[in-house]
Amino acid sequence: MKLQNPVTSSNFFRRVYALVRQVPRGRVVTYGQIARALGAPRAARTVGWAMRDCPANVPWQRVVNARGEISLRPTSGYHEQRARLKEEGVRFNRAGRIDLKKYGWKKF
DNA sequence: CGAATGACCAAGC
DNA sequence: GGCTTGGCCATTC
């Protein structure tokens, strides 16, 4: 386990959170996009690592993988994320995926 | 400092 | 469309 740190250690993590906080309701972004926006095109995995301990004020539910799917395995977190997105108006197709062309954050 | 970790990704079958 | 493989990378231990 890991000690919980309010403002989380590194600058990189904070940038991740700062960016995610800017994602508007009803929109989603991918880990890869976040990584690129931070100047580390191949650090998508690290972004996911950061999300593991994300602060409460971060809309983590708006972060999905490149396929527009919730990356969490079918845990309680998965269901919560899906429910939150649905509440924001984001639709899932049969395969449980989101149409990024449609719900992707326009900034990207 | 070296090895492990993981809410990723693109390419190949 | 689904499964596997190799690579990437900041953070942790």
Side-chain angles (χ1 to χ4, degrees):
Chain A
M1 309 209 274
K2 163 178 176 310
L3 295 174
Q4 52 80 32
N5 210 346
V7 192
T8 318
S9 38
S10 83
N11 215 292
F12 188 82
F13 274 29
R14 283 195 288 179
R15 281 181 202 168
V16 172
Y17 303 137
L19 187 63
V20 176
R21 269 194 294 264
Q22 294 172 44
V23 181
R25 264 180 69 95
R27 298 275 154 171
V28 298
V29 292
T30 71
Y31 300 91
Q33 289 175 331
I34 294 173
R36 280 185 313 225
L38 296 180
R42 315 206 167 132
R45 305 192 71 170
T46 305
V47 173
W49 203 274
M51 300 313 290
R52 193 172 72 101
D53 274 323
C54 79
N57 59 334
V58 175
W60 53 270
Q61 72 268 24
R62 299 184 190 136
V63 184
V64 297
N65 63 29
R67 289 161 21 183
E69 193 170 28
I70 292 176
S71 206
L72 281 171
R73 293 172 193 180
T75 59
S76 57
Y78 173 93
H79 297 300
E80 184 183 348
Q81 179 167 13
R82 183 157 172 158
R84 286 198 185 194
L85 289 176
K86 182 182 178 184
E87 188 278 327
E88 295 185 358
V90 177
R91 293 197 196 179
F92 289 76
N93 63 22
R94 262 175 306 167
R97 288 188 276 199
I98 299 169
D99 183 350
L100 293 179
K101 300 280 188 185
K102 199 170 177 185
Y103 299 104
W105 188 15
K106 41 195 169 180
K107 180 175 180 179
F108 287 99

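Since this is a predicted model, take the numbers as computed values, not measurements. In what follows, chains are A, B, ... by sequence order, proteins preceding strands, each numbered from 1.
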**Request:** For the side chain of A/Q81, starting at C-beta, report the closest nucleotide among B/dA7, B/dG6, B/dC9.
**Result:**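 From the listed options, B/dA7 comes nearest.
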**Asked** B/dA10, C/dA10, B/dA7: which one has an atom nearest the side-chain heavy atoms of A/T46?
**Response**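 Between B/dA10, C/dA10, B/dA7, the one nearest the side chain of A/T46 would be C/dA10.
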**Item:** Side chain to side chain, A/W60 and A/E80, heavy atoms closer than 4.5 Å
**Value:**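 SC-SC contact between A/W60 and A/E80 confirmed.
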**Message:** When you compare the side chain of A/F13 with that of A/T46, does any pair of heavy atoms fall below 4.5 Å?
**Reply:**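 Yes; the side chains approach each other to less than 4.5 Å.
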May I have the distance from [X] (atom [atom1]) to [N] (atom [atom2]), rounded to whole angstrom?
X	N	atom1	atom2	value
A/R15	C/dC9	CZ	P	16 Å
A/R36	B/dA10	CZ	P	8 Å
A/R14	C/dT11	CZ	C1'	15 Å
A/Y17	C/dT11	OH	P	10 Å
A/R45	B/dC9	CZ	P	10 Å
A/M51	C/dA10	CE	P	18 Å
A/R73	B/dT5	CZ	P	13 Å
A/R52	B/dA4	CZ	C1'	13 Å

**Asked** Closest heavy-atom contact between A/Y17 and A/A50?
**Response**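 In this case the closest contact between A/Y17 and A/A50 is OH-O, 2.7 Å.
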**Message:** Given the structure, check if the side chain of A/R42 and the base of C/dC9 hold any donor-acceptor pair shorter than 3.5 Å.
**Reply:**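 Under the 3.5 Å cut-off, the side chain and the base do not form any donor-acceptor pair.
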**Item:** Donor/acceptor link under 3.5 angstrom from A/R67 side chain onto base of C/dG1
**Value:**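 It does not, because no donor-acceptor pair links the side chain of A/R67 to the base of C/dG1 below 3.5 Å.
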**Message:** What contact category does A/R97 fall into here, base, sugar-phosphate, or nothing, at under 4.0 angstrom with non-hydrogen atoms?
**Reply:**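 Counting heavy atoms under 4.0 Å across all strands, the contact made by A/R97 is with sugar-phosphate only.
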**Prompt:** Which part of the nucleic acid, if any, lies within contact of A/F12, taking any heavy atom under 4.0 Å across all strands shown: a base, the sugar-phosphate backbone alone, or nothing?
**Reply:**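 Counting heavy atoms under 4.0 Å across all strands, the contact made by A/F12 is with sugar-phosphate only.
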**Request:** Identify which one of A/R84, A/R25, A/R27, A/Q81 satisfies the side chain to side chain contact (heavy atoms under 4.5 Å, CB included) criterion when paired with A/R62.
**Result:**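 For A/R62, the side chain to side chain contact (heavy atoms under 4.5 Å, CB included) test succeeds with only one of A/R84, A/R25, A/R27, A/Q81, which is A/R25.
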**Request:** Check the pair A/L100, A/V64 against side chain to side chain contact (heavy atoms under 4.5 Å, CB included), reporting the backbone distance first and the verdict last.
**Result:** CA-CA 10 Å; A/L100 293 179; A/V64 297; 4.2 Å; yes
